[in-house]
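Encoded as structure tokens, the structure appears first; notes follow it.
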Amino acid sequence: MSNIKRVISMLLAAAMVLSMSTFVAFAEDSTTNEEAADAVLSSAAGTELASMPNDDVQYADAYKFDYSMGLFEMLEDGYWQNEKVTRAEFATIVAKMLKANTAGYPRYGSSPYVDIDASNFAYSSVCYLTEIGILSGDGNSEFRPNDPILVNEASKMIMCALGYQDACEITNGGFPNGYTTFALRQGIYNGLSLSYTDSMTAMQMAKMVRNAMEAYLMETVVYRADGTADVRVSDSKTLLTETYKIKNETGYVEGTYFSYLTGSEVDLENEVIIDGTCYQFADGYDMEALLGYEVNYYYMEDVSGYRRDYIAYCEPRKDKNKEYDIMAKDIVSLTADKIVYNDANDKEKTLTFDASTLISYNGKPYYELSDVSMAIKEGHIKVVTHESSTKASAVMIQEQFDGLFDRYNKSTYQVIFQDSMTVSLPELKFDTSYHTGLTLDGKAISPEDLVKNDAITYCVSKDGQYIRGYVSRNVVSGTISTTRTEEYTAGDYQVVTLAGNEYVVSAYCTKEITSGFTSDFQITYDGRLLGTNSTTSTGGNYGYLIKFASGDDAFSSTFRIKVLDRQGKVSEYTSATKVNSNINGEEKQWSASDIINSRAFDDRQLVVFDVNSEGKLKSLYQAFDYTKYLDDPDTLDFGKYYDETGRYSNGLIGSSAIEDSTLIFKIPFVDRDRDEDYKVIKKSDLSNGSYNAQIYDIRKGVANVLVIQDKEPNKVSDTANTLVIDKFSTAWDEENQQKVLELDGWSNGEYVSLKIDDDVSQAESLTLQEEKDIKSLVRGDVIQYELGSNDYIYTYRVLFNYSLRAGTSKYFEVNQDRQSNYKISNDDLYTLFGQSIRVYDYFMVETTSLTDKKYYRAYPTREINLYIYDTEKNEIIIGEPFDIEPGNQVFIRTKNIDQTVDMLVIQ
């Protein structure tokens, strides 16, 4: 549970008792700090922090203060924008100011007013306040809950809550003048300009309520014998001190979890050092922004469950602090005794330092400033002054570094950037020994929340232990219309015009931004242009180019692509007439016809692409190898870019390290027009084993994307099915409503008919003389084949060419000493050509093995697919071993001696 939520609805016992005359008096309170603390810890479960007004909204500090005290927890999100406060709402807030337990009211079972009942959210509060004498209605038995409350009505309720009821009635004539008079004396209207008969906005009400929370309580009203009364007001007690057990102090913020100015450090994110004392604070406060400030803070002592006194609310002292935020480019010089800078009017200004000035660099005290000027590329310096407008009390140097997020390495706790890693940027790590924090739109996020292309601007202390970063997902789309260079003391800054606005280009932007360049551009949290998502292979929508199609028209002014993106979606796009690309190393806008003619893109490659608002392809880049820019890539122990087959096994592919977050495109090369065959998976999804893969090393040193080739058009498994060809025929494809070529023959002892894919391809045969176009196959030929997802033959390899049987080029080997026509694959595929030597009565066939000159025996008890080709009858039948005679020409194919055998006998 967050700390601010705990303080929102503190249920501390009210130090108020009701006398017989209905006067609310304040007795000596016996509630202890520890009891009050227990109430803080137990009261705010389930509450949500509502949106708050911006600091420039009038009375914003008052609204935030009241909210932190739990007074506004029942109001809807964004209530501060309301133009009126109703009587019911204000009654509920007053009851909360008193920390009253209104459960059980009305105590006598009936509503005191005819126009409000238990269906109204304020019912119990109105009943409670009525029964203790703070409310009395309008004299007509009505409360009018939905009417706007007037200032004088609110004043009466507040002054009664502060114990002033008798004083207002006796000494100043009661309602309304008695109450408004005392309210004016006690500062209830301070900072407000309102007539007593005006209604109030939510923000005006917030200011009045805060004033009331810090106003002094009425202690006693002493009646004299002559009928007059002596009013005695406390000089120290307020609702905050008595009911909430909260003290108010002023002090100097010296340190937080992410940075400190003196020698004191804290080790919890919700701790702060003020004047040398460590406090815990509510989660909603950005104490880092208050570093170096004099502040007012409200805290509780002895908070149960906490090791520090607890700050419920903190704000800068407006009368003390003045801040100067000086951007790096505006710094003229920074030395040990002063900072010279150019202000918004380009006038040179100076702020001086002395021995009392506290200086920090990226979170830690800094003692290295000298007479030599210090320069920073990006960032800013915040200077806070207290007593003098020209003498710095605190100087926070924040040199910032920019990077585009690629991934988070969980094993090293390190954020990996797309273009630089740690070569040119300091490490951004989340190890427990580091004080690291990232925020996105003001909310803390974890490294697991980061996504590709997040722009991260961060600071790192000299020792690397203190890191604070700001994440931006802001993107601006368009074409760069103009560029110019501005000269500053800190260096030259590029300024570009994009979509009608000017942007300063970050010094850490690795892309050369030129006029005419079109893309989506990443913008840092403070509005600087950092990079694009389509100019390098590390940004944007990288994916697998399934198909590159030439011109859409006769002039080739556009082209088409079919691509599998990193989310696993297959999409088709038509290009714009001009497309950003990196053809032959030249990166610019190319015409569609130039890209087509360059032949830089073809099916089956990794690309980076981007689409404009019209859905047209506006960027297409080839995958890139960044390791060639490293001085010594081998020092990374990962190797370089792979554009040929690698082997995946046991966490490594080749010599490139593969992280669990690596995207893997699982590609069926042949079925490239069937989307269901394409997949995007993670390394962790792969089972143990080896895979053929292409590796694209698009982040320096570590492979980020793999392409696993499930099915290649020129590869066939050595254990694929065998088919003895009988004939060709024509079949009807019902799904595609067209005629297709069909191949008939024997496979695994059965007669089968298999359709042939239009994209069918021939794999490498065992010998060149066996290569044969599929339409040239004849009866008796033997092929291996594999089926695609549509059950069509998509690739084949000729094992036996019948046209080259015995008598023709000695295709069948009969001499055991000759092995010229024999080959064994890497997977121990035995393909034997020869003659049967002898046949035994117990049905065993024996033939020669040309590799080891031993006999190969085929038993009928084994899995034998035996085919007999009777050349005289011109027929092929499924045979048995006893059908074979010595001298028959024999083709045998098997993976291993004792496994399935495919045998063709020629008679």
Side-chain angles (χ1 to χ4, degrees), residues 258 286 288 362 377-379 398-431 434-460 467-478 498 503-511 513 519-543 565-567 608-611 619 621 624 626 659-663 680 682 698-700 702 704-705:
F258 296 107
D286 182 9
E288 180 79 7
N362 284 356
K377 283 173 69 173
E378 291 287 8
Q398 295 195 33
E399 182 172 9
Q400 295 179 328
F401 308 93
D402 299 322
L404 288 178
F405 177 76
D406 181 51
R407 67 182 186 86
Y408 177 59
N409 189 327
K410 294 181 180 179
S411 61
T412 62
Y413 308 103
Q414 183 180 359
V415 168
I416 306 297
F417 292 107
Q418 292 179 12
D419 298 320
S420 302
M421 285 184 64
T422 57
V423 175
S424 59
L425 293 176
E427 288 186 343
L428 199 171
K429 301 189 75 172
F430 281 83
D431 186 273
Y434 291 75
H435 288 222
T436 305
L438 294 180
T439 56
L440 172 63
D441 298 329
K443 296 181 180 179
I445 63 173
S446 67
E448 290 78 11
D449 296 325
L450 293 168
V451 297
K452 188 88 168 185
N453 294 323
D454 277 350
I456 305 177
T457 299
Y458 65 108
C459 301
V460 182
I467 304 172
R468 186 70 183 268
Y470 305 91
V471 179
S472 169
R473 291 176 182 161
N474 297 329
V475 175
V476 177
S477 300
L498 173 63
Y503 296 89
V504 175
V505 178
S506 166
Y508 294 96
C509 178
T510 59
K511 172 64 192 168
I513 306 297
S519 183
D520 289 341
F521 297 88
Q522 273 76 27
I523 307 297
T524 64
Y525 85 105
D526 54 358
R528 292 170 295 116
L529 190 152
L530 178 57
T532 75
N533 70 358
S534 59
T535 59
T536 70
S537 60
T538 56
N541 305 308
Y542 60 84
D565 67 26
R566 56 186 174 177
Q567 281 76 39
V608 180
F609 66 97
D610 198 14
V611 179
S619 300
Y621 290 82
F624 205 80
Y626 282 100
E659 297 296 332
D660 285 337
S661 59
T662 296
L663 286 180
V680 173
K682 300 280 188 180
I698 64 174
R699 267 185 313 91
K700 290 183 177 179
V702 181
N704 180 268
V705 176

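Here, residue 1 is the first one in the sequence, and each next residue gets the next number. Here the structure is a predicted model, which is why all the values come from computation and not from measurement.
Residues Thr436 and Lys429 form no side-chain contact, since every pair of their non-hydrogen atoms from C-beta on lies 4.5 Å or further apart. With a 4.5 Å cut-off on side-chain heavy atoms, Leu530 and Ile523 do not count as touching. No side-chain heavy atom of Val460 sits less than 4.5 Å from a side-chain heavy atom of Tyr434. You'll find the side chain of Tyr508 stays beyond 4.5 Å of the side chain of Gln400, heavy atoms only. For the pair Arg473 and Val451, the minimum side-chain heavy-atom distance is below 4.5 Å. Phe430 places a side-chain heavy atom less than 4.5 Å from the side chain of Val415. Within the 4.5 Å cutoff, the side chain of Gln522 has no heavy atoms near those of the Leu529 side chain. Counting only heavy atoms from C-beta outward, the side chains of Ile456 and Leu438 approach each other to under 4.5 Å.
In terms of heavy atoms, Tyr458 sits closest to Leu428 at CG-CD1, 3.8 Å. Between Leu440 and Val471, the shortest heavy-atom contact is CD1-O, 3.2 Å. Residues Glu378 and Ala507 approach most closely at OE2-N, 2.7 Å, considering heavy atoms. Of all the heavy atoms in Tyr503 and Gly527, the pair that sits closest is CD2-O, 3.5 Å.
Looking at Tyr525, its side chain never comes within 3.5 Å of a backbone N or O of Thr439 through a donor-acceptor pair. With hydrogens and angles disregarded, a donor-acceptor distance shorter than 3.5 Å links the side chain of Asn362 to the backbone of Glu399.
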- side-chain hydrogen bond (donor to acceptor under 3.5 Å, both in side chains) between Thr524 and Asp402: does it pass, once the steps are laid out? CA-CA 8 Å; Thr524 64; Asp402 299 322; 5.5 Å; no

- Ile467 and His435: side-chain contact (heavy atoms from CB on, under 4.5 Å), yes or no, with the steps? CA-CA 6 Å; Ile467 304 172; His435 288 222; over 6 Å; no

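Note: Phe405 CZ to Asn453 CG = 10.0 Å, rounded to the nearest 0.5 Å. For the atom pair CG (Asn474) and CG (Asp454), the distance works out to 10.5 Å, reported to the nearest 0.5 Å.
Contact check on Arg468 versus Asp286 returns a salt bridge, with a Lys/Arg side-chain nitrogen under 4.0 Å from an Asp/Glu carboxylate oxygen.
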